[in-house]
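Note sheet for the following structure.
These numbers come from a predicted model, not from an experiment. Counting starts at 1 for both ligands and their atoms, following the listed order.
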Amino acid sequence: MEDHFLSMNSRIALRVVCFGTLLLLVTISAGAQQSTPLITNIQGRDTISLNGSWQVIIDPYETGYYDYRFQPRGDGYFKNTKPKSPSDLVEYDFDSSPQLQVPGDWNSQDQRLLFYEGTLWYKKSFDYQKKDRKRLFVYFGAANYVADVYLNGEKLGRHEGGFTPFDFEITSLVKDKDNYLVVKVDNKRRRDAVPTLNTDWWNYGGLTREVRLVELPSLFVEDYFLQLGKGSLDEVQGFVKLNGASAGESLSIEIPEARLKQTVTTDSRGLAQVRFPAKLQLWTPENPKLYEVVISSARDSIRDRIGFRSIEAKGPDLLLNGKPIFLRGISIHEESPLRGGRAFSDDDARMLLGWAKELGCNFVRLAHYPHNENMVRLADQMGIMVWAEIPVYWTILWDNQETLKNAQNQLEELITRDRNRAAVILWSVANETPVSEPRNAFLKSLIDSARTLDPTRLITAANERHYADPSTQVVDDPLGQYLDVLGCNEYVGWYDGLPEKADGLTWKVTLNKPLVVSEFGADALYGKHGDKGQRWTEEYQKDVYEHQIAMLKKIPALRGMSPWILTDFRSPRRPLPGIQDFFNRKGLISSRGERKQAFFVLQKFYRELMNEGK
Ligand code: GCB
């Protein structure tokens, strides 16, 4: 299996998508070690969970990694060394160290770690019954932010980016007994990283999503992309990629309920193009129909539940399956208000999306980074359309090639993971980024990649707007020319004047494209009451929503909105004692699950829209 142990000096990832024309994107990422190609649909695989208690060592000085001359140590904590005799000096011991739960951020599990930004080592031991002709991978749902992964003292690789999955093949390293998997996770913020130093959310560190061992046959379905072709309502297009295969392997794609079966053959890269006519019940928010799809090769078979629908922008209209829609949305951070900390479980997803439904939403903006896969899968089942985004936020280093590569990689991992989900209609490449030539070029390059990786969905970004004169707001960010949908954040009534300022504003959108107001809002502490002119009260927040809704109704190109935000969330930028206490209080729901007055204002508006058939 040594030849499959792809990792060492460079990675060449081939992603080929056929939608009319054959597009070939070759990503060559240099770097000392890399993960193996991302495996799609881990949930559909035979896996062994490594979730649960892991031993941890807090290491703010990175003593487990560097020696006293600050050179990487050959005998770092990843060796899990034990003293061999009473005179041996070993200054750490995983087995008597404290434990943390995985999945889970470290900040919300130990009060001492609430503000911690640095390195923490995780260790999990396991036995494994090796199976003939099976390959074994270790899969991480996400680790924030840089993860260095070791098995039995050997380095598997490094992954950068806090919100996307990665995996490593461990077939040749795993033993029957006493394997030890060690992960160094470092969440120090860096100027050149994605996101950069400055954000408005908590920098939750650690193994924040699940960890699994994945058993696969020698030739296995690594990735697939099956959706209706762009603009089509009756043709499935895409590809299947067979890992370990060369030309001439036969694959079938079956949708049993629709009595459809298609056979295709791989090319020299193990890749098979797919295209077949299919009369299917289309996925809509009202009827989120998912079909069981079975992909089989001689030695592998995987099932998924996939919805089929089309999404297009035509002039200012958004068309779902050819029919105009309005996005009744809300923005959501990946935070579990009741438990505290990063959301990761099915229950978390059910709670957050359940609240969005209660509000009357058919759409959520999963801000400001890729949320966990459960969330997107549940949105698929519940009929909630999704805006998915990467953490290109505020002032990224636009001129830095490494930063761009990093953002590209996060985008590729997000799209690879989620492009079979009908719920996802929009990929967003950025949030509130300041206009400049280098920024435009950086984002244009991300937009191009997104289109290559997925030609079926619409591309957006949450941009800003400016004043042409004191009563005219203009949406004319130059990035708009490359986008399908114009996202725009504005805070009239909170950072920008008082609530009634909205009444006198006219909006101009220079391009003939759909506009989504991707943020507006105001902070309110649940239970704090007063005059509507008093900041931080529920009355003030409610007033902002009332004036905003009246203003938004008058924008002709408006095709959706995702106010900021469903629930209060932690942010180090929000220190005001007694009010914020390190929470951004723009939630319509408090950090204890209580609905604020503005919740009901938005709910009423969304009900009106629904009654109008929107
Ligand atoms: C924004 C950001 C969002 C912040 C929000 C706020 O424009 O996109 O991340 O949390 O404003 O509350 O200031």
Using a strict threshold of under 4.0 Å (side-chain N to carboxylate O), is an ion pair present between K596 and D568? yes

Does this structure show an ion pair linking D105 with R570, if we count only N-O contacts that are shorter than 4.0 Å? no

Please state whether the rings of F166 and H159 are parallel, tilted or perpendicular, taking 30° and 60° as the class boundaries. parallel

Contacts of D380 that satisfy side chain to side chain donor-acceptor pair (under 3.5 Å) - sequence neighbours left out: R421

Measuring from each atom of ligand 1, which residues have a heavy atom under 4.0 Å away? D200, H368, Y393, N431, E432, N489, Y491, Y495, E519, W564, F569, R574, N584, K586

Please confirm whether F520 and W494 have ring centers closer than 6.0 angstrom. no

Does R342 reach the side chain of D348, with side-chain heavy atoms less than 4.5 Å apart? no

